[in-house]
Amino acid sequence: MGYVAVKAGKDVIRKSEQLFEKGRIEGEEPNVTVEQVESQFGRLVGQVMSEGGLYAPKLAARAIKQAQGDAAEASFLLRAYRSTLERFDETVPADPDRMFATRRVSPAYKDVPGGQILGATKDYTQRLLDFDFDDTDPTEEWELADEKPESLRNVMELLREEGLVADPDAETDEAFDTTRDPVMFPASRDAVLQELARGETGAMTALAYSALRGYGQVHPTLGEVRVGELPVEIEHPYTGDAVEVTSVEVTESESVVPVFAKRDDPQFAFGYGLVFGRNERKAISMTILDASIQLDGDEPAEDAEFVLDTVDGIDSFGFIEHLKLPHYVTFQSILDRVRTIRERRGLTNVERPEGDASTDRSTPEPDATVTDND
Amino acid sequence: MTDDPDHEEMAATTDGGLATVADEPRAVSDLLSETEAGIAGYNYAYLDEHTKREVRRGVLNAIALPGHQVPFASREMPLARGWGTGGIQTTLSLLGPEDTFKVIDQGSDESINAANIRRLAETTADVETTTDTTDASVIQTRHRIPEEVLTDDQILVLQVPTTDPLRRVDGSDDANRRRHAHKNYSKMWVALYENVVEWGEIQISARYPVMVHDRYLMDPSPIPRWDTSKLNDADSLFLFAAGREARIYAVPPHTDVEPLAFEDRQFQVERFDGKRCHRCASTDTYLTEVTDEDGVTRYACNDASFCEKRIEDPTLSKSHHLDDETVAWGPGTPDPLVDDARRETVLDNGNSSVTEGGDEA
């Protein structure tokens, strides 16, 4: 199907949308519901909310269904929707110590206040394809005390009390919002953290891995990785008191890095990560990138501008895929350059027979031969 | 987060003495239900008024500082980034119900991306659309400036993928902003010089760097070199917008715009060596080539709308709609090899004053 010389552009777009939609429903199996996506693909829902920058599980599930499981596309749907929403208010700064953790590991110590909570994880599962889902709840027969999940003291606090970890810069009165102000460099740390929290999981993992792999100096020890429900509070418009309005599932990680900034007062550097949903890979990557950027060195992961320019999935996927758009105007210009330079070098350019104006006036559409199956 | 606890929480608050605001949304789900009607739930021209004001302020700043890149908080649009989101944000901030809107992509009104942007403007801003360049008040374009001369009633919004010409020599926006502030373009000049040393030519095809009003070096978006001179001393306003890169810049009417070049390597446009459009036989328009299955190469006007008019009237000038038909833009196609050879000869003879024609760019 030609994608340029089509008079009825709108019809073509509609038909391609319909074809795409057909791909979702043409199978013989019953349609997956938005509710099923939300409850059974929780990790994907979390990733999409995190990269979309909007905590809305039902909308994220809807986006995943609409995008036929493409996480980047679903995050984009969520972001495009988000940009039409009014920003009503800001929450009171959330204290992660108040998180109700369902999982918490602290690799830095054998045991920690509140204890290690392995929680639900596949980390130690042997990765064998399961050919026999039995779809029953394997925890049904557990005998559980009626305990609520606990809020836990952060391991990093212990180290800070000892003066072993550098303190973050004092918080500013008003948080920078990268969705309302463009990020300029040098960027403030809150802008960096916000952009990292919205970063694409794969890109974050790759860049963080680059630092570990040798293109950097950050090989952190994780103080904390925890997953849980973080209460969200707003200031009550009349009483001014903080009121809990909802909670969000988040993954938090904090790490120490044995790089000392001050010779007279050696302290660990640190990195922080907090992302929506259950996404430990991204949260840990975020701590590495935060730590690397704070070091401000010469390696790729230590360059805030490089990291923030490349880590956003919506930006990168859009621009990479824009290469599918027609580029024949610029390509004609490029052809002109290579032919001219060859000519200057005394190389001959092969002349193709040229369709003449007089013989070709009858051709209905000049660009009809430009075809592309995209 | 589920909606139910939310709802209870908010409802409890409302019952506690705030019942007067019963009509206001009480939960997230109430807000969402408003937008289920699709585009009907969105603001006029899609963007909220706050965003439009911000974009328009950016545009005004850009006009006040020709060629300077003004940052703005680019919003995510329902088009992918890199597909014209800066252009569409600017366009939607400018359009009013009386406007007539044209969209071209690679010179064509009918390319799918152009059709897609046009339908977004049609459905959200309810504007008239046209394919006739002379009828449009706002034209959004990717990679071309139309062949017909634009007037002082018209605004051309160019979609920009890469905002800074210095990106060719340094990837860091931070460093490049400093260079712009100091008007320090030496690294660019050196790169061009090295280009000439290595290839005998400046290798840049489209996106040819230009100096605006003798102050800011500017990336004119990936328009072919053919279109570059149209920016100089034009009657119309040119706006350049990049959504992914969150920058807006402008060339106001009657601004000096000069492509970077050397005395002995003058700025050259694309050569077509006497080729002509196989449909309308034009020789003074930007052509693109297509080779068919039999190995026959055909050239055709890239500006499809003007080509249609030329088929009707092969003598139609590019300024046929103006009082003074001699006003025209877009270059002829001189032979750069011959021209450069002549200049080199003259320069070798010790006469360095030969720059005549250097300004014709």
Side-chain angles (χ1 to χ4, degrees), chain A residues 3-7 9-10 12-13 55 57-58 76 79-80 82-84 86 179-182 184-186 243 245-248 305-306 314-315 317-319 321-322 325-330 332-337 340-341 343-345 352-357 360-361 363 366-367 369-370, chain B residues 1 5-6 9 13 42 48 71-78 80-83 105-108 110-116 119 143-144 161 172-174 199-201 203 205-206 222 224-225 244 246 270-271 275-279 281 288-292 295-300 302 336-337:
Chain A
Y3 78 151
V4 173
V6 184
K7 283 289 172 204
K10 259 193 275 191
V12 178
I13 297 172
Y55 196 91
K58 287 185 196 315
F76 172 41
R79 273 225 206 154
R82 176 194 195 278
S83 76
T84 68
E86 197 71 36
T179 68
R180 288 296 183 272
D181 290 298
M184 305 296 280
F185 296 94
V243 192
V245 285
T246 183
S247 65
V248 292
E305 200 174 353
F306 176 79
I314 310 301
D315 284 356
F317 116 82
F319 202 44
E321 295 208 23
H322 108 283
L325 285 174
H327 279 79
Y328 53 88
V329 166
T330 41
Q332 187 73 49
S333 185
I334 294 168
L335 284 174
D336 166 80
R337 287 292 74 195
T340 305
I341 288 170
E343 210 171 306
R344 193 178 275 284
R345 299 250 152 142
R352 283 220 193 77
E354 193 193 342
D356 186 59
D360 286 321
R361 290 294 283 275
T363 311
D367 291 334
T369 47
V370 179
Chain B
M1 185 181 78
D6 238 357
E9 187 94 30
T13 314
Y42 290 89
D48 61 274
F72 78 111
S74 177
R75 304 295 198 263
E76 271 89 5
M77 298 298 291
R81 288 200 149 174
W83 295 58
D105 185 330
Q106 305 280 302
S108 169
E110 303 301 340
S111 98
I112 294 189
N113 201 41
N116 194 28
R119 89 175 164 154
H143 296 188
R144 272 315 304 274
S172 165
D173 193 46
D174 191 24
W199 298 109
E201 291 271 336
Q203 213 186 346
S205 49
R225 302 190 302 291
R244 194 174 38 81
E270 291 79 0
R271 296 181 304 151
K275 302 273 192 312
R276 53 184 180 160
C277 172
H278 76 99
R279 299 183 71 210
T288 53
E289 64 185 74
V290 174
T291 303
D292 67 17
V296 175
T297 299
R298 285 203 189 90
Y299 284 79
N302 175 252
L337 293 181

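These numbers come from a predicted model, not from an experiment. Lettering follows sequence order; numbering is per chain, from 1. Hydrogens, waters and symmetry mates play no part in the numbers below; they use all other heavy atoms, side chains included.
- Atom OG1 of residue A/T340 and atom CD of residue B/Q203 lie 11.5 Å apart, to the nearest 0.5 angstrom.
- Options A/A80, A/S333, A/S83 differ in how many heavy-atom pairs under 4.5 Å they form with chain B, and the most are formed by A/S333.
- Residue A/V329 is tested with B/P224, B/S108, B/P222 for a side chain to side chain contact (heavy atoms under 4.5 Å, CB included); the sole match is B/P224.
- With a 4.5 Å cut-off on non-hydrogen atoms, B/R144 touches chain A through its side chain but not through its backbone.
- For the atom pair CD1 (A/I314) and CE (B/M77), the distance works out to 14.5 Å, reported to the nearest 0.5 Å.
- For chain B, the option among A/D181, A/L335, A/T84 with the highest count of heavy-atom pairs below 4.5 Å is A/T84.
- Across all their heavy atoms, B/A73 and A/T179 have their closest contact at CB-O, 4.2 Å.
- For B/D48, the part sitting under 4.5 Å from any heavy atom of chain A is the side chain, from C-beta outward, and nothing else.
- In plain terms, the two heavy atoms of B/A80 and A/G318 that are nearest each other are CB-CA, 4.2 Å.
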Point to revise | Derivation and outcome, side chain to side chain contact (heavy atoms under 4.5 Å, CB included), residues A/H322 and B/R244 | key: CA-CA 12 Å; A/H322 108 283; B/R244 194 174 38 81; over 6 Å; no
Practice item. Could you go through the side-chain hydrogen bond (donor to acceptor under 3.5 Å, both in side chains) check for B/T288 and A/Q332 one step at a time? Key: CA-CA 6 Å; B/T288 53; A/Q332 187 73 49; 5.1 Å; no
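- Proximity of A/R344 to B/W199: side-chain heavy atoms (C-beta onward) are nowhere separated by under 4.5 Å.
- Side chain of A/R79 to backbone of B/E76: no donor-acceptor contact under 3.5 angstrom is found.
- B/Q106 places a side-chain N or O within donor-acceptor distance of the main-chain N or O of A/Y328, the cut-off being under 3.5 Å.
- Here A/R337 pairs with B/E201 in a salt bridge; the nearest charged N to carboxylate O distance falls below 4.0 Å.
- Remark: side-chain polar atoms of A/E305 are paired, donor with acceptor, to backbone N or O of B/D174 under 3.5 angstrom.
- Using a 4.5 Å cut-off between heavy atoms, A/R82 makes no contact with chain B at all.
- At a threshold of 4.0 Å, the pair A/D315-B/R81 counts as salt-bridged, since one of the basic side-chain nitrogens sits closer than that to a carboxylate oxygen.
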